[in-house]
**Q** 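Take a look at the following structure, please.
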Amino acid sequence: MSEEREDHRYDHRAVDAKWQAYWEEHDSFATPTDRTKPKYYVLDMFPYPSGAGLHVGHPKGYVATDIVARARRMMGFNVLRVMGWDSFGLPAERQAVKEGKHPRAITERNVKTFKDQLRQLGLSYDWSRELATSDKRYYRWTQWIFLQLMDAGLAYRSSLPVNWCPAQGTVLANEEVKDGVYVETGDPVEKRELEQWMLRITDYAEPLLAGLESVDWPEGIKEQQRNWIGRSEGAEIRFAVEGHDAQVEVFTTRPDTLFGCTYVVLAPEHPLVDAITADGQREAVAAYREQASKLSDRDRTTQAADAPKTGADTGAKAINPLNGEAVPIWVADYVLASYGTGAVFACPAHDERDYAFAKTFSLPIKEVVSGGDIAQAAYTGDGPHVNSDFMDGLDIAAAKKAVIARLERDGAGKGTVNYRLRDWLFSRQRYWGEPFPLVINDDGSVTPLPESALPVELPELDEYRPTEDGSPPLARAADWVQTTNPVTGAPARRETNTMPQWAGSCWYYLRFISPTDDTQAWDPEEEKYWMPVDLYVGGAEHATLHLLYARFWHQVLYDRGLVSTPEPFQRLFNQGMIHAISYQDERGKYYHPDEVEERDGTFYVKGTNTQLATKHEKMSKSKSNVANPDDLCASHGADALRLYELFMGPLEDGATWETSGVAGTRRFLERTWRLVIDDRTGALSAKLGDASDGDADLERTLHEAIKRVTEGVDSLKLNTAISQMMIFVNEASKRDKVPRAWVESFVLILSPFAPHICEELWQRLGHEGGLAAASWPSYDEAKLKVAEVEIVVQVKGKIVSRIMIPAEASEAEALAAAKADAAVAERIAGKTIRKEVFVPGRLVNIVAT
RNA sequence: GGGAGCGUAGCCCAACGGCAGAGGCAGAGGACUUAAAAUCCUUCCAGUGCGGGUUCGAGUCCCGCCGCUCCUACCA
């Protein structure tokens, strides 16, 4: 008897497996080919397939988009829902070196792990459109886009210093270098000049700013992009150098303080330094530049404005173009070579950094804007100008105008706009990336390859480290490097750098439109149909890099008439990060939750007296606080996991993972199951009745749930949608009879969240063709209303009574009913009514004195 | 230093400016059971980080603090 009963309970293993197989067999999520219906392109930021696999934090966004995709299909949209792999990148290359395998083999292994994990979650991807950026059928077109960029004059070569680590024989990213050493090993890092490819993203600074106005993105992300682009208006001013032909050009946003200039500063790398340095200062300046060059960019820029200032006097003098005054020229690393002109004029009275520098080196400080106390600190606020000749008495805005006009008249400078955004360093000294589609001729000139020569495939190597002389790994493929110019037939060599990982992710959303087309990157007709991406979901950590780079490429493609929309991602949504509790002993060792026990509110290593500190941290293997989706699919089922991912809280918020919460959504699914199935017999529940078995309260709960879920698909407020569905199931479970049609509607709205169990229930309810054939239920506003409502009656804002009135009652009726209440009447007797407030369905407030 | 966000019950979280509680977790009690699990029922628990202000009315809007998270950082 009991065994038989077991057989009819909700068995997630059987249900999950059955329907995942069904979907695959029936191609349930194939992208529709008719073009008559409205389209919806919902996209996840595709992952880098790391060796660690997925933890429960990763699928949060994927589950959210899956709900949107499944619901939109039922609502009659053609949905494009796809997944791929950002599969070029350094970790695979490192792992390849470690294991002595090809990075491709490592990548394929990791992709398989990821894909298996995603499949278990029942995500409705059209897997026939799967792509990988490291696939030559894909990177052929990445190379093609690079040719477009070259053709548009947006790609150029430039010699730049990079971080070179001799001990590791490799180049390092800025993030990997601190205090002049490789953070992982402590090996020293030096700067090495290498020929690099750059992309002129700065040419697109204005369109990138302007485009933000037209997209539906979180304000915070837009603001980050604006800050990153960093538009600032100011002036370029030329200072003559005393005794030299040379001129120093500076950029400033405060040309109005030019009379307060007491010195000029060049960045240590400024090209004029050698030419102008006085003989007596050569040694000191050389020593300073040497010292500065040893610091990584990061060290030079992570310090706050009040950091100790260093510098050296060149002994040269610059002439202030306004008053002819000669001021000393210094070299200091607080001026960055890569911003503006790499030189500034210093006005210590009104700039904190200049102030600190002037104090350090006892340079004069001259006030030109009144309102502060420059004996104490720099004054950066507004005020009437002083000691400034024609600007005296003007405020900052007026003074700026006046001084720019004067400089322009005198030919000593001009008003300009500057950007913080730098050109994009677009080459890496790595193997596992896209080769450049070009050859370098013997004279150093570059010839782009014709389209017919694409793809330029990565050659096979058996060693992925850089060469001994520091050339990138591709230099090892001598036969590959040595080639001929396709136009002239003359000997030429290939570029041994590869593209950075961002390249492939810059346009993958376009390739998903026609991923198997080997004749073009995408089909223009299909592109017109599907673009732009209607909803793009991913982490906020990509706010400035990926999302800016992709917009840049897209705008270039748009300007060349290759895509139909100026912006790629119409709506962006950032899912919050999932954190989890970690347990650490005094020495910092992490313990897995299974090794931990709680006694009297304190945590200990099981069976010992070793006390543990708890912390909420990012999920990470190294912190032993990772929850694995595979385990949860096995123990609670994919649907319970999917529900919990979203039930935890608002999608955009961070949340703390608690596996015990999955038990709650699992119980909800079990209650749902019992609503439909008699778990003693496996037959349909005897509860299911006809329309006459329903009551208005339950019907209202159902319609409320349909409404919340329908709206949640748009707003992505899915946690409250789930809770409304829980209310319906709790209520329905209490009834002896529930109209079958209501239960069916409920199964449909739950199905995007919990597709496996809902397919099963839908089938058992006698429907053919699966949920794919079903359409979305609608709600009826009229059904959401109740006949009578209890409203609160306040007198002067204090609750004195509660009365029942018809829901449709007018203000006059409600007030009359309120005043008829004894407690109210008593309180307003003999007083003057100053104000009466009526909030329909909520309250009445009578202000009487 | 700058920017963004968050702070409601033991915990996760709800509340068009209108009765602070929808849902879940954990806890307690009970029903069912030989017992346990499962299930069902009942139940405890905060006045919304702090201080002002606007308002008939503030968790919600405004100002100032405190705490936490994320991003960014000598950008002239």
Side-chain angles (χ1 to χ4, degrees), chain A residues 2 5-6 9 218-221 223-224 226-228 230 232 234 250-255 257 265 298 300-307 309 332-336 338-347 351-354 356-357 418-422 539-541 543-544 574 576-577 579 601 616 618 643-644 647-650 652-665 667-668 670-671 674 679 704 708 717 719-727 729-730 733-734 790-799 802 834-848:
Chain A
S2 67
R5 178 183 165 150
E6 291 283 320
R9 288 161 74 171
E219 201 43 52
I221 300 291
E223 196 54 28
Q224 277 187 59
R226 287 189 197 105
N227 291 341
W228 191 263
S232 58
V250 303
F251 173 75
T252 180
T253 55
R254 291 295 304 276
T257 62
V265 190
R298 200 174 179 79
R300 276 182 50 176
T301 57
T302 48
Q303 294 168 34
D306 58 356
K309 294 285 185 286
D333 70 358
Y334 82 93
V335 172
L336 307 175
S338 51
Y339 182 74
T341 57
V344 302
F345 83 75
C347 175
D351 181 282
E352 287 168 21
R353 296 150 303 181
D354 296 341
F357 190 84
N418 209 348
Y419 301 93
R420 207 191 73 114
L421 184 68
R422 311 292 159 82
E541 65 273 20
T544 47
N574 296 121
M577 201 180 293
H579 294 241
H616 287 252
K618 256 190 227 183
L643 277 166
Y644 181 65
F647 185 58
M648 294 176 78
E652 64 272 31
D653 289 355
T656 304
W657 182 264
E658 282 178 80
T659 295
S660 62
V662 187
T665 51
R667 277 197 277 271
F668 163 62
E670 285 169 357
R671 278 197 289 276
R674 287 195 303 271
D679 63 7
E704 188 66 42
R708 288 281 189 96
K717 284 182 184 157
N719 54 327
T720 51
I722 293 168
S723 103
Q724 192 62 38
M725 290 192 285
M726 287 174 166
I727 294 170
V729 171
N730 289 346
S733 299
K734 287 178 192 163
E790 185 189 66
I791 64 165
V792 168
V793 182
Q794 298 180 331
V795 173
K796 287 183 73 181
K798 287 211 167 109
I799 297 163
R802 292 156 203 277
R834 303 276 174 206
K835 189 164 189 165
E836 293 171 333
V837 181
F838 173 59
V839 182
R842 296 279 184 181
L843 61 62
V844 164
N845 187 9
I846 299 167
V847 185

**Q** Mind checking the C1' distance from A9(B) to U72(B)? Whole angstroms is fine.
**A**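 36 Å, rounded to whole Å.
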**Q** By the 4.0 Å heavy-atom rule, please label Ser733(A) as base, sugar-phosphate, or nothing.
**A** nothing
**Q** Tell me the partner of C65(B), counting only Watson-Crick (N1-N3 plus N6-O4 or O6-N4) or G-U wobble (N1-O2 and O6-N3) with both under 3.5 Å; none if nothing fits.
**A** G49(B)
**Q** Any strand counts, and the cut-off is 3.5 Å on both contacts for Watson-Crick or G-U wobble. Which nucleotide pairs with U8(B)?
**A**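 Result: none.
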**Q** Could you tell me which nucleotide pairs with A35(B) by Watson-Crick or G-U wobble geometry, both distances under 3.5 Å, or answer none if nothing does?
**A**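 Per the H-bond distance test, none.
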**Q** Need one value for Pro218(A): base, sugar-phosphate or nothing, where a base atom within 4.0 Å counts as base even if backbone is also close, heavy atoms only.
**A** nothing
**Q** By the 4.0 Å heavy-atom rule, please label Ile727(A) as base, sugar-phosphate, or nothing.
**A**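 Contact class for Ile727(A): sugar-phosphate only.
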**Q** So, is Arg226(A) close to the G3(B) phosphate, meaning a side-chain N or O under 4.0 Å from OP1 or OP2?
**A** no
**Q** Using the C1' atom as the point on both nucleotides, what is the distance between U39(B) and U55(B), in whole Å?
**A**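 Rounded to whole Å, the distance is 50 Å.
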**Q** Tell which nucleotide pairs with U43(B), taking only Watson-Crick or G-U wobble pairs whose two distances are both under 3.5 angstrom.
**A**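 Across any shown strand, U43(B) pairs with G27(B).
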**Q** Using atom C1' of each nucleotide, how far apart are C56(B) and C11(B) to the nearest Å?
**A**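 37 Å, rounded to whole Å.
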**Q** Partner lookup for U55(B), please. Criteria are Watson-Crick or G-U wobble with both distances under 3.5 angstrom; report none if nothing qualifies.
**A**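 Because no pair has both required distances under 3.5 Å, U55(B) counts as unpaired.
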**Q** Can you list the steps and then say if Ser733(A) with Arg671(A) is a side-chain hydrogen bond (donor to acceptor under 3.5 Å, both in side chains)?
**A** CA-CA 7 Å; Ser733(A) 299; Arg671(A) 278 197 289 276; 5.3 Å; no
**Q** Check the distance between A4(B)'s C1' and Glu652(A)'s CD and give it to me in whole angstrom.
**A** 14 Å
**Q** Under 3.5 Å, is there any donor-acceptor pair linking the side chain of Thr720(A) to the base of A14(B)?
**A** no
**Q** For Arg671(A) and Gln794(A), take the nucleotide of RNA chain B holding the closest heavy atom to each; which residue's nucleotide lies nearer the 5' end?
**A** Gln794(A)
**Q** Lys734(A) near the nucleic acid: base, sugar-phosphate alone, or nothing, with a heavy-atom cut-off under 4.0 Å?
**A**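 Sugar-phosphate contact only.
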**Q** Pick the closest RNA chain B nucleotide for Arg842(A) and for Asn719(A) by heavy atoms, then say which residue is nearer the 5' end.
**A** Asn719(A)
**Q** In Watson-Crick or G-U wobble terms, both distances under 3.5 Å, what is the partner of A73(B)?
**A** none
**Q** Is the shortest distance from a Lys or Arg side-chain nitrogen in Glu223(A) or Arg226(A) to a carboxylate oxygen in the other one below 4.0 Å?
**A** yes
**Q** Any side-chain N or O of Asn227(A) below 4.0 angstrom from OP1/OP2 of G2(B)?
**A** no
**Q** Per the atom types in the model, does the base of G3(B) pair as donor or acceptor with the side chain of Gln224(A) at under 3.5 Å?
**A** no
